[in-house]
Amino acid sequence: MRTPGTEAEAVEIQQRLRHRVELSGTDVSAARTAVGLDVDYTGDRIVAAAVVLEVATLEVVQTSVAEGETIFPYIPGLFAFREVPTLLAALDGLDEAPDVLVCDGQGLAHPRRFGLACHLGVITGLPAIGVAKTPLGRYEMPGPERGARAPLLHDDGGEVGAALRTRDGVKPVFVSVGHRTDLDSACALTLLLTPKYRVPETTRLADQLCRQSP
DNA sequence: GCGACAG
DNA sequence: ATCTTGTCGC
């Protein structure tokens with residue numbers, strides 16, 4: 001997918017691709033491997049990192065880094081166009097495809113139900129979930145214990161994700177389906193990836209890796 | 001029209 | 001995302 005020249009063109013691309021999202025098919029909590037994806041900005045450069053973990057042990061299987069130029073501006077709702085090209089390059093550097101993509105941003109929890117995790121899932125054909133640190137829409141507050149969850153809501157009232165508590169008494173993360181899985185599986189996987197910190201190990205390690213790769 | 005708005 | 005110290009708690 002080339003970088004859109006205008007905001008309107010970007011929206012058209014999302015409208016066209018959104019129908020390819022599959023909302024079931026894989027229990028990602030049974031995945032053997034999961035890849036964490038994140039980027040870091042430095043001036044007009046962008047560094048993307050992919051870290052593959054074995055879900056059962058949380059041990060690193062492989063890492064990959066790619067660098068590119070920041071072309072598309074940051075626009076909430078179109079944020080994926082800024083990061084997708086370099087993230088795909090990082091994924092290309094992996095020897096074998098991971099079982100699921102764990103993205104740092106929204107999946108269906110997006111104004112057009114097509115956030116970053118949907119972009120990456122549909123383009124790669126791999127199961128994908130979005131785990132964001134802040135939500136785009138409204139949400140109900142889950143109970144205070146790890147594992148508690150409450151609906152993340154679209155403006156039209158539909159449930160597009162979940163506010164999921166990954167640590168007792170700590171602000172929840174915002175989980176949504178990206179591609180080829182369901183919300184229950186996505187939340188279950190997120191809990192497997194958060195034994196100690198609020199944010200999934202996949203995302204934490206990818207964040208560390210791209211942050212230290214100038 | 002205005003504000004809010006993933007990273 | 002980034003600008004930014006010390007502090008409280010497990």
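Bear in mind the structure is a predicted one, so any value in this text is a computation, not a measurement. When reading the values below, keep in mind they use all heavy atoms of this one structure, side chains included, and skip hydrogens, waters and symmetry mates. Naming convention: chains lettered A, B, ... in sequence-line order (proteins, then strands); numbering from 1 in each chain.
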Sugar-phosphate only, base, or nothing, as touched by A/Arg211 at under 4.0 Å among non-hydrogen atoms: sugar-phosphate
Stacking check A/Tyr74 vs B/dG7 (5.5 Å / 30 deg): yes
Rounded distance in Å - CD1 (A/Ile46) to P (C/dT2): 12 Å
Touch class at under 4.0 angstrom, heavy-atom based, for A/Gly77 against every strand present: base
Sugar-phosphate, base or nothing in reach of A/Leu78, heavy atoms under 4.0 Å: base
A/Thr134, nearest nucleotide to its side chain (from C/dT2, B/dC5, B/dG7): B/dG7
Given B/dG7, B/dA6, C/dA1, the nucleotide with the shortest approach to the side chain of A/Leu116: B/dA6
Interatomic distance where CG belongs to A/Asp38 and P belongs to B/dA6 [whole Å]: 15 Å
Donor + acceptor pair across side chains of A/Tyr74, A/Glu83 (<3.5 Å): no
Would you list the atom pairs, donor with acceptor, under 3.5 Å between side chains in residues 206-214 of chain A and any protein atom, with sequence neighbours excluded?
unit_1   : atom_1 : unit_2   : atom_2 : d
A/Asp207 : OD1    : A/Arg211 : NH2    : 3.0
A/Asp207 : OD2    : A/Arg211 : NE     : 3.3
A/Asp207 : OD2    : A/Arg211 : NH2    : 3.3
A/Ser213 : OG     : A/Leu209 : O      : 2.6

Phosphate OP1/OP2 of B/dC5: any A/Arg138 side-chain N/O under 4.0 Å: no
Proximity to the side chain of A/Gln106 - top-ranked nucleotide from B/dG7, C/dT2, B/dA6: B/dA6
Between B/dG7 (P) and A/Glu83 (CD): distance, integer Å: 9 Å
Over 12 non-hydrogen atoms of neighbours within 6.0 angstrom of CD in A/Glu69: yes
Protein-nucleotide distance (A/Lys171, atom NZ; B/dA6, atom C1'), rounded to Å: 11 Å
Nearest-angstrom distance from the residue atom CZ of A/Phe174 to P of B/dC5: 12 Å
same_hphob_cluster(A/Ile123, A/Phe79) at 4.5 Å side-chain heavy-atom cutoff: yes
Under 3.5 Å side-chain donor-acceptor pair for A/Ser185 and A/Asp27: yes
Plane angle bin for A/Phe81 and A/His119 - parallel if under 30°, tilted between 30 and 60°, otherwise perpendicular: perpendicular
Dot-bracket pairing map - DNA chain C, Watson-Crick plus G-U, both contacts under 3.5 Å, | cross-strand: ..........
Nearest-nucleotide pick for A/Tyr41, side chain only, options being C/dT2, B/dA6, B/dG7: B/dG7
Nucleotide B/dC5, atom P - distance to CZ of A/Arg82 in whole Å: 18 Å
Side-chain (A/Arg198) to main-chain (A/Lys133) donor-acceptor, under 3.5 angstrom: yes
Rounded distance in Å - OH (A/Tyr197) to C1' (C/dG9): 14 Å
Touch class at under 4.0 angstrom, heavy-atom based, for A/Pro135 against every strand present: sugar-phosphate
Distance below 4.0 Å between A/Lys133 side-chain N/O and B/dA6 OP1 or OP2: no
Atom pair OG1 (A/Thr70) and CG (A/Asp44), whose distance is rounded to the nearest 0.5 Å: 6.5 Å
Closest nucleotide among B/dC5, C/dT2, B/dG7 to the A/Leu136 side chain: B/dC5
Protein-nucleotide distance (A/Leu120, atom CG; B/dG7, atom C1'), rounded to Å: 13 Å
